[in-house]
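A quick write-up on the structure given underneath.
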Amino acid sequence: MSPIRPTTSTTSTSPTSPTSPTSQDVTKAARAIRLGPRAVVALSLITLIGIAAFGWPLLADADSGLAHARDAPWLFASLLPLLVGVVVATIADDGMDAKAVAMLGVLAAVGAALRPLGAGTAGLEPMFFLMVLSGRVLGPGFGFVLGSVTMFASALLTGGVGPWMPFQMLAMGWFTMGAGLLPGPHRLRGRAELVLLALYGALASFAYGTVMNLQGWTFIGGMSSGVSFQPGAPLSDNLVRFFAYCAATSLGWDLGRAALTVVLTLTLGATVLKALRRATRRAAFEAQVTFEA
């Protein structure tokens, strides 16, 4: 009797065989986390909690005693179990295995190591371009977890632990998840894909800075009335002040972050995308293993 050997259900020795994996199949197999129904529910809960955490001061009255520093521990306490819930949900939906967890750890470590290289210098943060490319290759579910874990690890590495940290984790998770939601993941390749990722990186860099400004603006006092937050004022008036505050304080930092993300994506993006896709193909995420005599 011949020995039993393991094979995958898509294996074929002939490149023209009807059972050979197509390029679309290979691209789909490169996705480490697939958004199943449980993961969608967990991500939706995180997003709703995050929107409420960032935006509730805009709707509060003048006597509410605003301070995000007070709600940050509660947000962090809610965020961590929900992040674990995303991972557990994707495991339950057969979208994540040990190899995906290992890749998550490697990419988070690389991203955390990249952040200090430009921190404090005109907003230059090279980790953002890696988050864009990783989210693109590995999908929105993987992207959200990767962005949040990377920001958490980098905060521990740089000593940036404070009431802003859970808000940074949320914002970076959204940033990376957005790259995984961009159109054409199985068809768009080459220069067109790099231009799309660079454009997204630029716009999302400004969006990240704007969202993080909202976290601190509502309790920073001592500013002119034209840009300071006025508790209890109409929402439209406060939004005008908020965008004036962003233009006066962080526009230069956001511009530096966006410019560096665009430059790195257009110059190094093709190489990094190729490496990420090769790594995920070799890892054979979600491969179905069968045995034949």
Side-chain angles (χ1 to χ4, degrees), residues 32-33 42-43 45-47 49-50 53-54 67-88 90-91 96 98-135 138 140-180 201 204-205 207-209 211-216 219-220 250 253-254 256-257 260-261 264 272 276:
I33 295 186
L43 284 174
L45 287 175
I46 292 177
T47 299
I49 291 174
F54 275 103
H68 270 311
R70 298 177 184 176
D71 56 59
W74 297 103
L75 175 60
F76 187 67
S78 302
L79 180 60
L80 284 185
L82 284 174
L83 280 176
V84 175
V86 173
V87 176
V88 172
T90 50
I91 292 174
M96 187 174 182
K99 292 173 287 188
V101 175
M103 180 166 285
L104 173 68
V106 170
L107 290 175
V110 173
L114 284 176
R115 191 184 182 198
L117 296 181
T121 308
L124 303 179
E125 297 178 273
M127 68 175 289
F128 278 77
F129 109 97
L130 178 63
M131 296 297 102
V132 171
L133 302 181
S134 300
L138 297 164
F142 189 102
F144 186 90
V145 177
L146 173 63
S148 299
V149 172
T150 301
M151 189 57 72
F152 178 75
S154 66
L156 297 180
L157 181 64
T158 60
V161 177
W164 54 83
M165 186 184 69
F167 295 93
Q168 288 179 327
M169 291 172 63
L170 270 172
M172 184 58 72
W174 290 333
F175 178 95
T176 314
M177 181 177 67
S205 293
Y208 174 87
V211 168
M212 286 308 303
N213 282 339
L214 185 59
Q215 177 265 328
F219 64 90
I220 296 178
S250 68
W253 287 81
D254 296 339
R257 181 189 302 117
L260 182 63
T261 302
L264 292 178
V272 176
L276 287 171

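Scope of the values below: all heavy atoms of this structure, side chains included, with no hydrogens, waters or symmetry mates.
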Please answer whether the main-chain N or O of M131 pairs with a side-chain N or O of S134 as donor and acceptor at a distance below 3.5 Å.
-> no

Quick one: closest heavy-atom pair of E125 and L260, and the distance?
-> N-CD2, 3.6 Å

So which heavy atom on M165 is nearest to which on A155, and how close?
-> SD-CB, 3.6 Å

Which of these, T261, L114, T176, sits in a side-chain contact (heavy atoms from CB on, under 4.5 Å) with L130?
-> L114

Here the gap from T47 atom OG1 to M177 atom CE, rounded to the nearest 0.5 Å, amounts to 4.5 Å

Closest non-hydrogen atom pair between S250 and N213, with its separation | OG-ND2, 2.6 Å

In chain order, what residues pass the side-chain contact (heavy atoms from CB on, under 4.5 Å) check against A108, with sequence neighbours excluded?
-> L146, V149, T150

Taking all non-hydrogen atoms of both residues, which atom of A171 and which atom of V211 are closest, and how far apart?
-> CB-CG1, 4.4 Å

Which value, rounded to the nearest 0.5 Å, describes the distance between F144 atom CZ and I46 atom CD1?
-> 4.0 Å

Does S148 use its side chain to pair, donor to acceptor, with the backbone of M169 at less than 3.5 Å?
-> yes

On the 0 to 90° scale, with breaks at 30° and 60°, tag the Y208-F128 ring pair as parallel, tilted or perpendicular.
-> perpendicular

Report yes if some heavy atom in the side chain of L157 is under 4.5 Å from a heavy atom in the side chain of R115; otherwise report no.
-> no

With sequence neighbours left out, write down each residue that passes ring pair (Phe, Tyr, Trp, His ring centres under 6.0 Å) with F129, or none if nothing qualifies.
-> none

With a 4.5 Å limit on heavy-atom distance, are the side chains of P166 and F152 in contact?
-> no

Are M212 and Q168 close enough that some pair of their side-chain heavy atoms sits under 4.5 Å apart?
-> yes

